[in-house]
K.L.:
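Encoded as structure tokens, here's the structure I'll be asking about.
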Amino acid sequence: MTPEPARLPVKQLLLVLGLVATSLAHLWSWTGLQAGLLCLLNYGLRGLRWRFWMAHYGRHFGPLEGLRLYLAGYAFTPTPGNVGEAARGLMLARNPLGARQSLAIFGAERLADLLCLLLLCLPAVAWALGQGIGQVAPVWLLGLLAAGLLAAAVVLGVLFRSRRALLQRFGWLQEAWHCLAERPLLWFALTLLAWAAQGLAVWLICRVFGVSLGPLAATGFYALAMVAGALSALPAGLGGTEAVLTGLLVANGASAGVALGITVMARLLTLWLAVAIGVMALLYSAAIRKEISLR
């Protein structure tokens, strides 16, 4: 028998292209611009945090130089667990960090992000309990959320309870703990404000698509999706983040098409905008400013 020729999933491709086109059209609205500015604020606040920890190791940068070097690291965000961002300190053309110190800052960043994202999840948890989400959300979504929150809490709990043994075994983790121990209120405030800004960006995107959702709940939805994506260890949380955010929006009453449109626009602003800026900052810093060495 002659095998049937492979058929392209034309309908699915057209749906994806339509969602991307709709999301791009919304990006040029005033509300889309506001959401983009909030995402840029997120990058700037986390850049300040990175400069603060770099200064801990005696690397002092001016505001623009430090921000440019930090943004360049976003070029490596689409890597498993975002681990490519650990190369920020290693790439410096002058006085680069050692591998242990660079990993330490990366570890401190991820732990700070996880802590603040878990806190920002609380409004979404309260919303879920108040709405009786167990009656409207699919079982896979409930299981994924429960497993994600439990895993994140276990990770933080194990790190805290077994910190002495872990710090003695892993030198870079000990360095990361030292980073977190220095002026904790500063990095905590910068981190919480940064992720809250992106949560508000998602809320604005929901408004563009006509979805009724409060700013705290929208921020919580986004935080839950980010935690799920981070725990998946996939490059930039691809797949897990999108699935959870879309599922939560559908559980809130949005249609599947609208939920997908919101998710696409949110990821364009919160992830791919950063990657695009990171590539430009990397090329500029390496080829023109000579601040980064790729050798």
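Predicted model, so just to flag it, every value in this text is computed and none were measured.
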K.L.:
Decide whether Leu249 and Phe209 are clustered together by the hydrophobic rule: side chain heavy atoms of Ile, Leu, Val, Met, Phe, Trp, Tyr closer than 4.5 Å, transitively.
P.N.:
yes
K.L.:
What is the minimum heavy-atom distance between Pro184 and Ala181, and which atoms define it?
P.N.:
CD-O, 3.7 Å
K.L.:
Side chains of Leu190 and Phe52, heavy atoms from C-beta outward: is any pair under 4.5 Å?
P.N.:
no
K.L.:
Look at the aromatic rings of Tyr222 and Trp195 and report parallel, tilted or perpendicular, splitting at 30° and 60°.
P.N.:
tilted
K.L.:
Specify the closest pair of heavy atoms between Ala254 and Val211, including all atoms of both residues, with the distance to one decimal.
P.N.:
CB-CG2, 4.1 Å
K.L.:
Roughly how far, to the nearest 0.5 Å, is CG of Leu120 from CD of Gln198?
P.N.:
11.0 Å
K.L.:
Locate the shortest heavy-atom distance separating Ile205 from Ala35; write the atom from each residue and the value.
P.N.:
CG1-CB, 4.2 Å
K.L.:
Do Arg100 and Leu103 have side chains that approach each other closer than 4.5 Å (heavy atoms only, starting at C-beta)?
P.N.:
no
K.L.:
According to a 4.5 Å side-chain heavy-atom criterion applied to Ile, Leu, Val, Met, Phe, Trp and Tyr, with indirect links allowed, do Phe106 and Leu45 form part of one hydrophobic cluster?
P.N.:
no
K.L.:
In the single-linkage hydrophobic clustering (I, L, V, M, F, W, Y; side-chain heavy atoms under 4.5 Å), do Met91 and Tyr57 co-cluster?
P.N.:
yes
K.L.:
Start with the C-alpha gap between Val208 and Leu204, add the side-chain angles, then the distance that decides, and say whether side chain to side chain contact (heavy atoms under 4.5 Å, CB included) holds.
P.N.:
CA-CA 6 Å; Val208 168; Leu204 289 174; 5.8 Å; no
K.L.:
In the structure I gave you, are the side-chain heavy atoms of Glu291 and Leu92 within less than 4.5 Å of one another anywhere?
P.N.:
no
K.L.:
Do Leu216 and Leu213 share a hydrophobic cluster, counting only Ile, Leu, Val, Met, Phe, Trp and Tyr and linking them when any side-chain heavy atoms are less than 4.5 Å apart?
P.N.:
no
K.L.:
Closest heavy-atom contact between Gly107 and Ala176?
P.N.:
C-CB, 4.3 Å
K.L.:
Is it the case that the side chains of Tyr74 and Glu85 hold a donor-acceptor pair, with the cut-off being a distance below 3.5 Å and no angle test?
P.N.:
no
K.L.:
Does the Ser285 side chain pair with the main chain of Leu282, one donor and one acceptor, at a distance under 3.5 Å?
P.N.:
no
K.L.:
Indicate yes or no for a side-chain donor-acceptor contact from Thr79 to the backbone of Gly84 under 3.5 Å, with no hydrogens or angles considered.
P.N.:
yes
K.L.:
Quick one: pull up CZ in Arg207 and CD1 in Ile262 and give me the separation to the nearest 0.5 Å.
P.N.:
12.5 Å
K.L.:
Could you tell me if the side chain of Asp113 sits less than 4.5 Å from the side chain of Arg110, heavy atoms only?
P.N.:
yes
K.L.:
Could you check Met280 against Tyr284 for side chain to side chain contact (heavy atoms under 4.5 Å, CB included), going step by step and ending with a plain yes or no?
P.N.:
CA-CA 6 Å; Met280 291 187 292; Tyr284 178 76; over 6 Å; no
K.L.:
Is there a side-chain contact between Ile292 and Leu294 (heavy atoms, below 4.5 Å)?
P.N.:
yes
K.L.:
Provide the closest heavy-atom pair for Trp272 versus Pro78 in the form atom of the first, atom of the second, distance.
P.N.:
CZ3-CG, 4.0 Å
K.L.:
Measuring only between side-chain heavy atoms, which start at C-beta, is Val227 closer than 4.5 Å to Cys121?
P.N.:
yes
K.L.:
Supply the atom-to-atom distance Leu192 CG to Cys116 SG, rounded to the nearest 0.5 angstrom.
P.N.:
5.0 Å
K.L.:
Without swapping roles, check the side chain of Ser102 against the backbone of Gly98 for a donor-acceptor pair under 3.5 Å.
P.N.:
no
K.L.:
Do Thr241 side-chain atoms and Met226 backbone N/O form a donor-acceptor pair below 3.5 Å?
P.N.:
no
K.L.:
Any donor-acceptor pair under 3.5 Å linking the side-chain atoms of Arg49 with those of Thr191?
P.N.:
yes
K.L.:
State the NE2-CD distance between His60 and Glu65, to the nearest 0.5 angstrom.
P.N.:
12.0 Å
K.L.:
How close do Gly32 and Leu269 get, heavy atom to heavy atom, and via which atoms?
P.N.:
O-CD1, 4.3 Å
K.L.:
Give the cluster check for Phe61 versus Ile105: same hydrophobic cluster or not, with ILVMFWY residues linked at side-chain heavy-atom distances below 4.5 Å.
P.N.:
yes
K.L.:
With distance as the sole test, does Arg88 use its side chain to make a donor-acceptor pair with the main-chain N or O of Tyr70 at under 3.5 Å?
P.N.:
yes
K.L.:
Say you draw a straight line from OG1 of Thr270 to CG of Leu38; how long is it, rounded to the nearest 0.5 Å?
P.N.:
12.0 Å
K.L.:
Given the rule in the side chain to side chain contact (heavy atoms under 4.5 Å, CB included) test, do Leu69 and Trp50 qualify, once you have shown the distances and angles that lead to the verdict?
P.N.:
CA-CA 10 Å; Leu69 293 172; Trp50 183 78; 3.9 Å; yes
K.L.:
Do Leu245 and Leu224 come within less than 4.5 Å of each other through their side chains, counting heavy atoms only?
P.N.:
no
K.L.:
In the structure I gave you, are the side-chain heavy atoms of Leu193 and Leu41 within less than 4.5 Å of one another anywhere?
P.N.:
no
K.L.:
Would you confirm whether Trp53, through its side chain, and Cys179, through its main-chain N or O, come within 3.5 Å as a donor-acceptor pair?
P.N.:
yes
K.L.:
Do Met265 and Val202 pass the side chain to side chain contact (heavy atoms under 4.5 Å, CB included) test, and can you show the C-alpha distance, the side-chain angles, and the key distance before you say yes or no?
P.N.:
CA-CA 9 Å; Met265 186 171 174; Val202 173; over 6 Å; no
K.L.:
Just verifying a value: how many Å separate Glu175 CD and Gln101 CD, rounded to the nearest 0.5 Å?
P.N.:
6.0 Å
